[in-house]
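The structure appears right after this line, and notes come after that.
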Number of protein chains: 2
Amino acid sequence: MSDTRSQLKQIAIEQIRRRTLHAASFRELGKVAGIKSSSVHYHFENRDALLLELVKDYEQDFFIRLEQRCHELSDPGQQLQQLAALFLLSQQSQYQCLCLAFAAAGDETNDQQRAAVEQFLQRLETWISAVLARAADHADSAPQLARVILSALEGALLLDRDQPQAPRLNAVSQWLTTLIRSHSDQQPETL
Amino acid sequence: MSDTRSQLKQIAIEQIRRRTLHAASFRELGKVAGIKSSSVHYHFENRDALLLELVKDYEQDFFIRLEQRCHELSDPGQQLQQLAALFLLSQQSQYQCLCLAFAAAGDETNDQQRAAVEQFLQRLETWISAVLARAADHADSAPQLARVILSALEGALLLDRDQPQAPRLNAVSQWLTTLIRSHSDQQPETL
DNA sequence: GTCTATACTCAGATAGAC
DNA sequence: GTCTATCTGAGTATAGAC
C-alpha cells in the first residue's frame with residue numbers, strides 16, 4: 001500500500017488537525033516526509049484529490065472507532081459518553097475534528113469536499129439521533145437534539161483549542177450525562 | 001476617522017467572516033478597495049496589528065448590539081433568544097463569527113490575537129451565565145450550561161455554513177427556548 | 001495617500017533527467 | 001520514485017518617487 005503514500009496522508013491529517021487545512025501544502029508534506037514537493041505529486045494527482053481522500057478516510061476511521069467503543073454497550077447514555085470520550089481524547093492530543101477544519105476553510109475547499117464533509121456530519125447526526133431515540137420518550141425531538149449535541153461537541157472542541165483544561169468540552173460532556181439521566185429511568189451510581 | 005482606513009477594516013471583516021482569515025490579505029483588501037497593497041501598509045503597521053484591531057472592534061460591536069436588543073427585556077428567556085437571534089441573523093447574511101474564524105486559524109494567529117479571542121469568548125460566557133442565573137434554580141450549573149450554550153451556538157453557526165436552512169442553528173435556537181421554559185415558571189404564549 | 005519597483009517567501013503544478 | 005529546474009501566481013513588507 002505504498003508506504004510513502006500513506007505516510008504522506010498521515011502527515012497531511014496531522015497538519016490539518018493540528019494546524020489548518022492551509023498548512024497541508026505539498027511543500028510542507030514533502031518537507032516533513034523528507035522528499036520534494038514534486039515527488040508528492042507522484043503520489044497524488046493534485047492537492048484537491050488528496051484532501052477529498054482524507055475526508056472519506058476520516059469518516060471511515062471515525063465510525064469504526066466509535067462502533068468499537070460502543071460495541072458491547074447497550075445503554076444509550078454510555079454510548080453517548082463514548083462519543084464524548086472520542087472528542088475529549090482528540091482534544092487531549094491537540095487534534096481538531098478534520099471535518100470542522102474543512103468547514104472553517106470555506107471556499108478553500110471545493111464542492112466535492114464540502115459534500116463529503118456534510119455526509120460525515122449527517123451520518124454522525126443520524127447516529128446520535130438513533131441513540132437518543134432508544135433512550136427515552138423523546139423520540140420526536142431526537143433529530144433536533146442530535147443537531148444540538150453535534151454542534152456543541154464540535155464547537156467546544158474548536159473553542160478549547162489551546163485550552164489544556166478543555167472547559168467547554170468538559171462542560172458539554174458533563175451536560176450529556178445529565179441529559180440522559182433525565183431521559184432514562186436509571187439512576188447514576190458514582191459520578 | 002480616515003475613510004479609507006475604516007473602509008479597509010470593513011473589507012477585512014467581510015473577507016474573514018465570509019471566507020477565512022487567510023482571505024484577508026493586504027493584496028485582497030487593496031484590490032477590493034481599489035488601491036495597491038503597499039498603500040494598505042500606510043494605514044496599518046502590519047497585518048497582525050490590523051487583525052488584532054478587528055477582534056477588539058468585534059467584541060465591542062457585538063456586545064453593543066446584544067445590549068441594545070436586551071435593553072428593555074427583563075425576561076431571561078427572551079434575552080437568550082436575542083442572543084440566538086444575533087447568531088441566526090449572522091447565518092442568514094452568510095457571516096461566520098469572527099472569533100471562531102480566528103480560533104480555526106490556529107497558529108496563523110499570534111498570542112495577542114488569541115488572547116483577544118479568548119477574552120471575547122469568556123465575556124460572552126459570563127453574559128450567558130448571568131442570564132441563566134437569573135432564570136431559575138440552576139444558579140450552580142449556570143457557568144457550565146453557559147459553556148454548553150456558547151459551544152452549541154458557535155458550532156452550529158460554523159456547521160451551517162452553506163446551509164440556507166440552517167438546520168443546526170435553528171435546532172439550537174429552539175432548544176434554548178425549551179431550556180428556559182423548564183427553568184422558569186412562565187408559559188410560552190405564541191412561538 | 002498612493003504609486004512603482006523590488007526583495008523575499010510560499011504555493012500548485014509540470015517537464016524531463018536519473 | 002525522486003530529483004532539479006522552471007513557470008505562474010500570491011503573500012508580507014520596504015524604499016523612494018509623486
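Values reported hereafter were calculated over all heavy atoms of this structure, with side chains retained and with hydrogens, waters and symmetry mates removed. Chain letters run A, B, ... following the sequence lines, proteins first, then strands; residues in each count from 1.
For DNA chain C, the neighbouring residues in residues 22-36 of chain A, judged by any heavy atom under 4.0 Å, are A:Ser25, A:Phe26, A:Arg27. If you check residues 101-116 of chain A against DNA chain C, you find no residue with a heavy atom closer than 4.0 Å. Non-hydrogen atoms lying under 4.0 Å from DNA chain C are contributed by nothing in residues 7-16 of chain A. Shown for residues 39-51 of chain B: residues whose heavy atoms fall under 4.0 angstrom of DNA chain C, namely B:Ser39, B:Tyr42, B:His43.
Under the 4.5 Å side-chain heavy-atom criterion for Ile, Leu, Val, Met, Phe, Trp and Tyr, A:Leu29 and A:Leu52 are members of distinct hydrophobic clusters. Linking ILVMFWY side-chain heavy atoms closer than 4.5 Å, directly or via other members, places A:Leu86 and A:Ile149 in a single hydrophobic cluster.
The ring-ring contact (aromatic ring centres under 6.0 Å, His included) check on B:Phe62 picks up B:Phe120, with sequence neighbours excluded. Under the side chain to side chain donor-acceptor pair (under 3.5 Å) criterion, B:Ser39 pairs with no residue at all, not counting sequence neighbours. By the ring-ring contact (aromatic ring centres under 6.0 Å, His included) test, B:Phe26 is found to be paired with B:His41, residues two or more places apart in sequence or in another chain being considered. Every residue two or more places apart in sequence or in another chain was checked for a ring-ring contact (aromatic ring centres under 6.0 Å, His included) with A:His43, and none qualifies.
In this structure, NE2 on A:His22 lies 10.5 Å from CG on B:Leu21, to the nearest 0.5 angstrom. Put simply, CD on A:Gln144 and CD on B:Gln174 are 5.0 Å apart, with the number rounded to the nearest 0.5 Å.
When atom types are taken as modelled, the side chain of A:Arg69 and the backbone of A:Leu83 share no donor-acceptor pair closer than 3.5 angstrom. At distances below 3.5 Å, not a single donor-acceptor pair connects side-chain atoms of B:Thr20 with backbone N or O atoms of A:Ala105. Listed for the B:Arg18 side chain is a donor-acceptor partner under 3.5 Å among the backbone atoms of B:Ser93. In this structure, B:Gln113 contributes its side chain and B:Asp48 its backbone to a donor-acceptor pair below 3.5 Å. In this structure, the side chain of A:Arg19 does not engage the main chain of B:Gly106 through any donor-acceptor pair within 3.5 Å.
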Below 3.5 Å is the cut-off: list the nitrogen or oxygen pairs between protein and nucleotides 16-18 of chain D, distance only.
none

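Not a single donor-acceptor pair, N or O on each side, falls under 3.5 Å between the base of D:dT2 and the side chain of A:Ser38.
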Give the table of side-chain donor-acceptor pairs shorter than 3.5 Å for residues 151-160 of chain A, with sequence neighbours excluded, one pair per line with atom names and distance.
unit_1, atom_1, unit_2, atom_2, d
A:Ser151, OG, A:Arg147, O, 2.8
A:Asp160, OD1, A:Arg168, N, 3.4
A:Asp160, OD2, A:Arg168, N, 2.9
A:Asp160, OD2, A:Leu169, N, 2.6

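Counting heavy atoms from C-beta on, the side chains of B:Arg5 and B:Phe44 come closer than 4.5 Å. Looking at heavy atoms from C-beta onward, A:Thr109 lies out of side-chain contact with A:Leu51 at the 4.5 angstrom threshold.
Listed by first and then second residue, the side-chain hydrogen bond (donor to acceptor under 3.5 Å, both in side chains) pairs involving residues 55-68 of chain A are A:Lys9-A:Asp57, A:Glu59-A:Gln119, A:Glu59-A:Arg123, A:Glu67-A:Trp127 (not counting sequence neighbours).
For the helix from C:dG1-D:dC18 to C:dC18-D:dG1, the rotation axes defined at the first and last 5 base pairs enclose an angle of 0°, given to the nearest 10°.
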